[in-house]
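Everything on this sheet refers to the single structure shown next.
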Amino acid sequence: MWYYSENHPKSIIKMIKAVIIDDEKYCTDVLEILLTKHCPEVRIESVFNHALQALEYLKTNQVDLVFLDIEMPQINGFELLHQLGEMTSRVIFTTAYNQYALKAFRFNAVDYLLKPIDKDELISAVKKTTPALNQEKMAHLHYLSQNPVPERILLPIGNEIVFVLVKDIICCEAEGSYCKVYSKGKQKPYLLSKTLRDIEELLNNPKFFRPHTSWLVHELYIEKIIRGEGMEIALHGELTVPVSRSKKQEVLDRLLK
């Protein structure tokens, strides 16, 4: 989701998906009000007053930004980040204690805000995340402009090199260090000694996306979404692709926009 910036009316800024984690409800209520009033680019996905609930949520849901308290029962903010391991979300610590600042920045924190949170400091902290998020988008657009989407790709299969039209590719499936490419009109998929990442970069096409780490799907061939205990995508040719739990919302946002 994107919004028009009032400060820069000619620019469109990506909405920042965020969660708030603090064991004190009063603190999360205040922060939510401040963000709603002063940081319209932030979309609050969830608010947690229990760190373990937040941990489980973040294991399966991708957000851009985490507002995180440090001193909490059960597990503190640092322990929560440690259990999550490597993550792409950026972190702004919100705490009443200043002695953790050095340790916080070892976790690559965007900022460290002391309670009671000052609105100007909050606005400044959020702005630090916006350039990085939009630089990623601009870098991708630049890459696409320098590397036009191909109409066909060459697939090395055994002793042959097969020409395949991109518009005919239904999906691709990772299989260890190999990859299967399912193409319209072919009964069996092509089996390549390439990774799914290799194929994704070769296609360089925004109509392809990953609903699961092992699958790359061409959105033009999607026939329906199957919503049950585990979401699936039904494709042309009676192919069914799983949607990982962490990708559910992203897939729905993309296909139901």
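Since the model is a prediction, treat every value here as computed from it, not as a measurement. Residue numbers count from 1 along this sequence. Below, all heavy atoms of this structure are taken into account, side chains as well, without hydrogens, waters or symmetry copies.
You'll find the side chain of L154 stays beyond 4.5 Å of the side chain of V162, heavy atoms only. Side-chain contact between V110 and V91: absent, with no pair of heavy atoms (C-beta onward) separated by less than 4.5 Å. Using a 4.5 Å heavy-atom threshold, the side chains of I153 and I169 count as touching. The side-chain heavy atoms of I21 and D69, taken from C-beta on, include no pair separated by under 4.5 Å. Using a 4.5 Å cut-off on side-chain heavy atoms (C-beta onward), L203 and L216 make contact. In this structure, E173 and P189 have side chains that are not in contact, with every pair of non-hydrogen atoms separated by 4.5 Å or more. A 4.5 Å side-chain heavy-atom check between V47 and V19 finds every atom pair outside the cut-off. Contact annotation: the side chain of V181 approaches that of L192 to within less than 4.5 Å [non-hydrogen atoms, C-beta and beyond].
Side-chain contact annotation: Q62 with T88, donor-acceptor N/O pair under 3.5 Å present.
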Next on the checklist: Assess the residue pair N49 and T28 against the criterion (side chain to side chain donor-acceptor pair (under 3.5 Å)); give the C-alpha distance rounded to whole Å, side-chain angles, the decisive distance to 0.1 Å, and a yes or no.
Outcome noted: CA-CA 8 Å; N49 297 123; T28 56; 3.3 Å; yes
Checklist entry - Passes side-chain contact (heavy atoms from CB on, under 4.5 Å), V126 versus E41? Steps please. => result CA-CA 9 Å; V126 169; E41 68 269 41; 3.4 Å; yes
Item to check | Working for side-chain contact (heavy atoms from CB on, under 4.5 Å), residues V30 and L34 | outcome: CA-CA 6 Å; V30 170; L34 288 172; 4.0 Å; yes
Next on the checklist: With side-chain contact (heavy atoms from CB on, under 4.5 Å) as the criterion, how do L68 and T94 come out once you've worked through the C-alpha distance, each side chain's angles and the decisive distance to 0.1 Å?
Outcome noted: CA-CA 6 Å; L68 181 61; T94 58; 5.8 Å; no
Next on the checklist: Could you go through E121 and K119, starting from their C-alpha distance and side-chain angles, then the distance that decides it, and tell me whether this counts as salt bridge (charged side-chain N to carboxylate O under 4.0 Å, His left out)?
Outcome noted: CA-CA 5 Å; E121 292 181 358; K119 71 175 181 66; over 6 Å; no
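The backbone N or O of D198 lies less than 3.5 Å from a partner atom in the side chain of T195, making a donor-acceptor pair. Formation of a donor-acceptor pair under 3.5 Å by the T36 side chain with backbone atoms of E32 is found in this model. In this structure, S89 contributes its side chain and V63 its backbone to a donor-acceptor pair below 3.5 Å. Under the 3.5 Å distance criterion, the side-chain polar atoms of N76 are left unmatched by any main-chain donor or acceptor of M72.
Residues V164 and S183 come closest through the heavy atom pair CG1-OG, 4.0 Å. Closest approach of L80 to L55, counting heavy atoms only: O-CD1, 3.9 Å. Minimum heavy-atom separation, D253 to R43: OD2-NH2, 4.4 Å. Here the closest heavy-atom approach between residue C172 and residue L196 is recorded as CB-CD1, 3.6 Å. L191 and I157 make their closest contact through O-CG2, 4.2 Å (heavy atoms, listed as atom of the first residue, atom of the second, distance). The minimum heavy-atom distance between Y178 and S193, with the atom names listed, is CD2-CA, 3.5 Å.
Considering OG1 of T240 and CG of L235, their distance stands at 7.5 Å, rounded to 0.5 Å. Expressed to the nearest 0.5 Å, how far NZ of K186 lies from CD1 of I170 amounts to 12.0 Å. Rounding to the nearest 0.5 Å places CD1 of I225 at 12.0 Å from CD of E232. Put simply, CD on Q83 and CD on E56 are 9.0 Å apart, with the number rounded to the nearest 0.5 Å. Put simply, NZ on K17 and CD1 on I44 are 14.5 Å apart, with the number rounded to the nearest 0.5 Å. Expressed to the nearest 0.5 Å, how far CG of D23 lies from CZ of F48 amounts to 14.0 Å.
No more than 12 heavy atoms of other residues, nucleotides or ligands shown are found within 6.0 angstrom of NZ on K194. Within a 6.0 Å sphere centred on CD of Q99, heavy atoms belonging to other residues, nucleotides or ligands number more than 12.
V243 and I226 are assigned to two separate hydrophobic clusters, defined by single-linkage of ILVMFWY side chains at heavy-atom distances under 4.5 Å. A chain of hydrophobic side-chain contacts below 4.5 Å, direct or via other Ile, Leu, Val, Met, Phe, Trp or Tyr residues, connects M231 to L255. Linking ILVMFWY residues whenever their side-chain heavy atoms come closer than 4.5 Å, directly or via other members, leaves V42 and I123 in distinct clusters. No chain of hydrophobic side-chain contacts below 4.5 Å, direct or via other Ile, Leu, Val, Met, Phe, Trp or Tyr residues, connects Y221 to L165. Residues Y190 and I161 are members of separate hydrophobic clusters, defined by side-chain heavy-atom contacts under 4.5 angstrom among Ile, Leu, Val, Met, Phe, Trp and Tyr.
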Would you be so kind as to tabulate the donor-acceptor pairs closer than 3.5 Å made by side chains of residues 206-213, with sequence neighbours excluded?
| unit_1 | atom_1 | unit_2 | atom_2 | d |
| --- | --- | --- | --- | --- |
| R210 | NE | E200 | OE1 | 3.1 |
| R210 | NH1 | T213 | O | 2.9 |
| R210 | NH2 | E200 | OE1 | 3.1 |
| H212 | ND1 | S214 | N | 3.0 |

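For the pair K180 and E175, the salt-bridge criterion is met [side-chain N within less than 4.0 Å of a carboxylate O]. Looking at R152 and D168, no side-chain N of the basic residue comes within less than 4.0 Å of a carboxylate O on the acidic one, giving no salt bridge. Ion pair D22/K115 flagged as a salt bridge, since at least one NZ, NE, NH1 or NH2 atom sits closer than 4.0 Å to an Asp/Glu carboxylate oxygen.
Classification of the Y182-W215 ring pair by plane angle, with boundaries at 30° and 60°, yields parallel.
Just one of K127, K128, R90 meets the side-chain hydrogen bond (donor to acceptor under 3.5 Å, both in side chains) condition when paired with D111; it is K128.
Sorted by first and then second residue, the ring-ring contact (aromatic ring centres under 6.0 Å, His included) pairs with a member in residues 59-97 read F78-F93, F78-Y100, F78-F107; sequence neighbours excluded.
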